[in-house]
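Below you'll find the structure, written out as structure tokens, and then a few comments.
Bear in mind the structure is a predicted one, so any value in this text is a computation, not a measurement. In the text below, chain A, chain B and the rest are named by the order of the sequence lines, each starting its count at 1.
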Number of protein chains: 2
Amino acid sequence: MLTDRQLLILQVIIDDFIHSAQPVGSRAISKMQKVTFSSATIRNEMADLEEMGFIEKTHSSSGRVPSEKGYRFYVDHLLSPLKLSNQEMNIIHEAFKDRMLEYERVVQKSAGILSDLTNYTSIILGPEIFETKLKQLQIVPLNDQSAVAILVTNTGHVEHRAFNVPAEIDASDLGKMVNILNEKLSGVPLVQLHEKLYLEVSELLRKHTRDYENAFEYLRAALLDEQPAKLYVGGKTNILMQPEFKDLDKVRSLYGMIEKENEIAHLLRSDQSGLNVKIGHENQFDAMQNCTLITATYRLGEDQMGTIALLGPTRMEYNRVISLMNVLSQEMTETFQSWYQSE
Amino acid sequence: MLTDRQLLILQVIIDDFIHSAQPVGSRAISKMQKVTFSSATIRNEMADLEEMGFIEKTHSSSGRVPSEKGYRFYVDHLLSPLKLSNQEMNIIHEAFKDRMLEYERVVQKSAGILSDLTNYTSIILGPEIFETKLKQLQIVPLNDQSAVAILVTNTGHVEHRAFNVPAEIDASDLGKMVNILNEKLSGVPLVQLHEKLYLEVSELLRKHTRDYENAFEYLRAALLDEQPAKLYVGGKTNILMQPEFKDLDKVRSLYGMIEKENEIAHLLRSDQSGLNVKIGHENQFDAMQNCTLITATYRLGEDQMGTIALLGPTRMEYNRVISLMNVLSQEMTETFQSWYQSE
DNA sequence: ATTTAGCACTCGCTTTAAATGAGTGCTAAC
DNA sequence: GTTAGCACTCATTTAAAGCGAGTGCTAAAT
């Protein structure tokens, strides 16, 4: 389809534009060492490339700029994965060296690394907690009106929720309930907790507690109301550094979109595992039309999965960024894996 | 010092400028109903006000703009506290109606309200947790390598930390320790925990646990390493809406400064209780030279205190904002108070 | 002694026009 | 097929002109 020379020219245009953010002209290309032919030749080739939709002009007499199709082709066929520099590798390894034992910490740190090393904005979706298993329930009474319910999962994740204890409910009843619940529900994946609670445990509870209905309901509400998806965003301000966002309106709409955590979470969750690159209009949101979103998945344990994502302009340093995300998701997965080696 | 007429003119200039963000000219002032004298008179008065430093020109033939000294005078002497609208009161009461039982939730919600209702950026410093008292300690083993330490305070606040359990330490030892610790340390303010741990409890622990040194150290590290100050920021993007921040460099430097959480926390903590207004250069940070920071304190229990702050341009709707912050800090304090009514 | 009308002047902002220059497409020669 | 040459395009820069909101000052009116 494309001649070698066309491939070379396309590659050069994209590489150059990614770093300069300026339209690339034929003369500039002809001056490069690896290019042996004249600017006129290049102009002809560029006309062809434009006709095929890989590059565009910003106005009738401007240099060329990659189109989304161009980027897509570049990512799919032209990309030479860049080895990360020693310095970058050091930063990553250093960060993962001190054993972190909570996924929040790992995820947060990873988001920081990702945005710092790329100058783009990182978004990390925490692992789905529902696949994790219940390790222990605990209720700590605070006074005669309120108590804290604490739920610990096998991954060391802790959820807690304070709740009101109505006067009718006795503290000892709560204690009994917790004992029963721990006995019956320990090891149950959180996603099944609801179901199991109703089917198997509620009968048992009824027998042992006086004011069963009430206590049960409070406990259920305290522990099982769905938690909103947790999103960790790093380097939001990096967006301001990108020349494509010198227009404040664009910044505003993009920030607006990042704040819709639920939609973002849904978006990230829907991507398949492995590395995905969505360029410009391949993204469903209007505010992301000039953006590329790269997602990669990491694993925590067997089935549980989370997603790390990087949001930047379509003019993105694809080769570096992709390597980086591969390394990072790998590193995260390994860290998590190490927690379970001998469970 | 200032004549009534000068006071009126100053007030009118500031009021107008706060809403229009445009320099105010003598003609515009003379057209107002409450102003009965001519534009020429106003020009003379304005010349005097300028000489005294309350107002400034942006260039030799522009209208007048309040100076920082002008704002200061306005806040100290001219301000007529605005009653909040019903709608605003509704929003606040609605938000505080559903009983929230964790201070995080209260604080987070308050930050949201504050920024939404003002279109400025809210920053809330969580209460100092060290004044709270230990309610219960808990250790939940995850596997033979790690466990989660959980600390519950009398305010229902939960801190947790996963940690590695070296092979030498027996699970039962940990259990024993926890029992001892709960017995001895329950009710102790967190700030004294460290001290008490060493002075009173360590001896006791030594007797009961085999590998005392190790276990103790791990537990201590897991529970008592200082937590960084928790800052809740709302409406960061509101900054982008303010005309004084149409220059991206200013936005960048301000965002940069907000991200220095420790410095901000220190700044907020250092303010005295009650309501404080810091205008422009009264703030120590360069990035805040065009900004006003208003802080107000709230209480959680007896001594514990937190700070709510609002960051906006010096051209701030002082009357509305100050009322709002008073109401909000009051509301927060009441909410927290209600938790202790019958402890 | 104040207040005000009148007027010249200032200066940022907007519009218009011209100059610049990077880059293209096309043609004709190599 | 490749390239030199040239006319052409158009965003950007520069300069000049006009506009208008607003001031300060003066002299007359109250």
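Rounded to whole Å, atom C1' of C:dA28 lies 13 Å from atom CG of A:N44. Between the P atom of C:dG12 and the CD atom of B:Q22 lies a distance of 15 Å, rounded to the nearest Å. If you measure from atom CD of B:E56 to atom P of D:dG22, you get 17 Å, rounded to the nearest angstrom. Whole-Å rounding puts the B:D16 CG to D:dG22 P distance at 10 Å. A straight line from CD1 of B:I55 to C1' of D:dG24 spans 14 Å, rounded to a whole angstrom. Spacing between atom CD1 of A:I42 and atom C1' of D:dT3 amounts to 11 Å, rounded to whole angstrom units. Taking atom CZ of residue A:R27 and atom P of nucleotide C:dG21, one finds them 13 Å apart after rounding to whole Å. Per the geometry, CD1 belonging to B:I29 stands 16 Å off C1' belonging to C:dT3, to the nearest Å.
For A:K57 and D:dC10, the shortest distance from a side-chain N or O to OP1 or OP2 is not below 4.0 Å. Listed pair B:T41 / C:dT3 fails the phosphate criterion, with no side-chain N or O lying under 4.0 Å from OP1 or OP2. The side chain of B:R64 places an N or O atom within less than 4.0 Å of a non-bridging phosphate oxygen (OP1 or OP2) of D:dT23. Between B:S62 and D:dA21, a side-chain N or O to OP1/OP2 separation shorter than 4.0 Å is absent. For B:S60, a side-chain nitrogen or oxygen approaches OP1 or OP2 of C:dC11 to under 4.0 Å.
Ion pairing of A:E50 with A:R64 is present here, as a side-chain N (NZ or NE/NH1/NH2) and a carboxylate O approach within less than 4.0 Å.
The base of C:dG6 sits with one of its N or O atoms less than 3.5 Å from a complementary donor or acceptor on the side chain of B:R43. If you check distances only, the side chain of A:S38 never reaches the base of D:dT3 with a donor-acceptor pair under 3.5 Å.
The two residues A:C291 and A:F245 make their nearest non-hydrogen contact at SG-CZ, 3.7 Å.
To the nearest 0.5 Å, atom CE of residue A:M288 and atom OG of residue A:S253 are 11.0 Å apart.
Using cut-offs of 30° and 60° for the angle between ring planes, the A:Y255 and B:Y255 rings count as perpendicular.
The side chain of A:A47 lies closest to C:dG25, out of C:dG25, C:dT3, D:dT23. Closest approach to the B:H59 side chain among C:dG25, D:dT23, C:dG12 is made by C:dG12 (side chain taken as heavy atoms from C-beta onward).
At a cut-off of 3.5 Å, with distance as the only test, a side-chain donor of A:D271 or A:T295 sits close to an acceptor on the other residue.
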